[in-house]
Amino acid sequence: MKFLFLLILLISCSTISVAETIVFSAYPIKKTEIFNFTSSDIKLKDQEYLDYQCIIVKKNDKYYWKSREYKELLKVESGSFHIFIAKNGAGYIKIKKEQIIGLDYLYMEHIHLGLDSIT
């Protein structure tokens, strides 16, 4: 009877979902769009930056781009950067490891849209 109880408890615990942990969350101050081989820099106004929040979470030892359809990410460390690359090729996030005085994070989010892109 004890064995059956422990087996049921073990199975129940193994199916419990592990909570996700926020690894990175930031808001941009500008965006650059490249469409039809023409680029434009746009300074985000007022509350517009809220629409472009970048969120990376970790769940079950995997990274996900929560703010971009929960795409799975591969984490790479290169020099002074953490780089999170979407496994499906949708883009990447590059984050400077060291903090800079006066800034929360120095980062770049790059999203591929066919031959066009948003950074």
With sequence neighbours left out, the residues meeting side-chain contact (heavy atoms from CB on, under 4.5 Å) with Thr38 are none
Nearest heavy-atom approach of Ala86 to Ala90 is CB-N, 3.8 Å
Value for CD1 (Ile118) from OG1 (Thr32), rounded to nearest 0.5 Å, stands at 10.0 Å
Mind checking whether Met108 and Ile85 sit in one hydrophobic cluster, side chains of I, L, V, M, F, W, Y counted as touching below 4.5 Å?
yes
Result for side chain to side chain donor-acceptor pair (under 3.5 Å) between Glu109 and one of Arg68, Lys94, Lys31 points to Arg68
Looking only at heavy atoms, the pair that brings Glu48 and Lys43 closest together is OE1-O, 4.5 Å
With a 4.5 Å cut-off on side-chain heavy-atom distances among I, L, V, M, F, W and Y, is there a chain of contacts connecting Ile95 to Ile111? yes
Side-chain (Lys97) to main-chain (Gly79) donor-acceptor, under 3.5 angstrom: yes
His110 meets the ring pair (Phe, Tyr, Trp, His ring centres under 6.0 Å) criterion, sequence neighbours left out, with Tyr92, His112
| message | Please say yes or no: joined through hydrophobic side-chain contacts below 4.5 Å, possibly via intermediate residues, are Ile83 and Tyr107 part of one cluster? | response | no
Separation between CD1 (Ile93) and CD1 (Ile56), nearest 0.5 Å, reads 4.0 Å
For Tyr70, the side-chain contact (heavy atoms from CB on, under 4.5 Å) test, sequence neighbours excluded, returns Glu20, Val57, Lys59, Tyr64, Lys66
In short, Ser67 meets Cys54 closest at the heavy-atom pair OG-CA, 3.5 Å
Residue pairs passing the ring-ring contact (aromatic ring centres under 6.0 Å, His included) test with at least one member in residues 30-49, sequence neighbours excluded, are Tyr27-Tyr49
Hits for side-chain contact (heavy atoms from CB on, under 4.5 Å) against Lys75, two or more places apart or cross-chain, chain-then-number order -> Tyr63, Glu77, His82, Phe84
Tyr52 meets the ring pair (Phe, Tyr, Trp, His ring centres under 6.0 Å) criterion, sequence neighbours left out, with none
| query | For Ile29, does the CD1 atom have more than 12 heavy-atom neighbours from other residues, nucleotides or ligands under 6.0 Å away? | reply | no
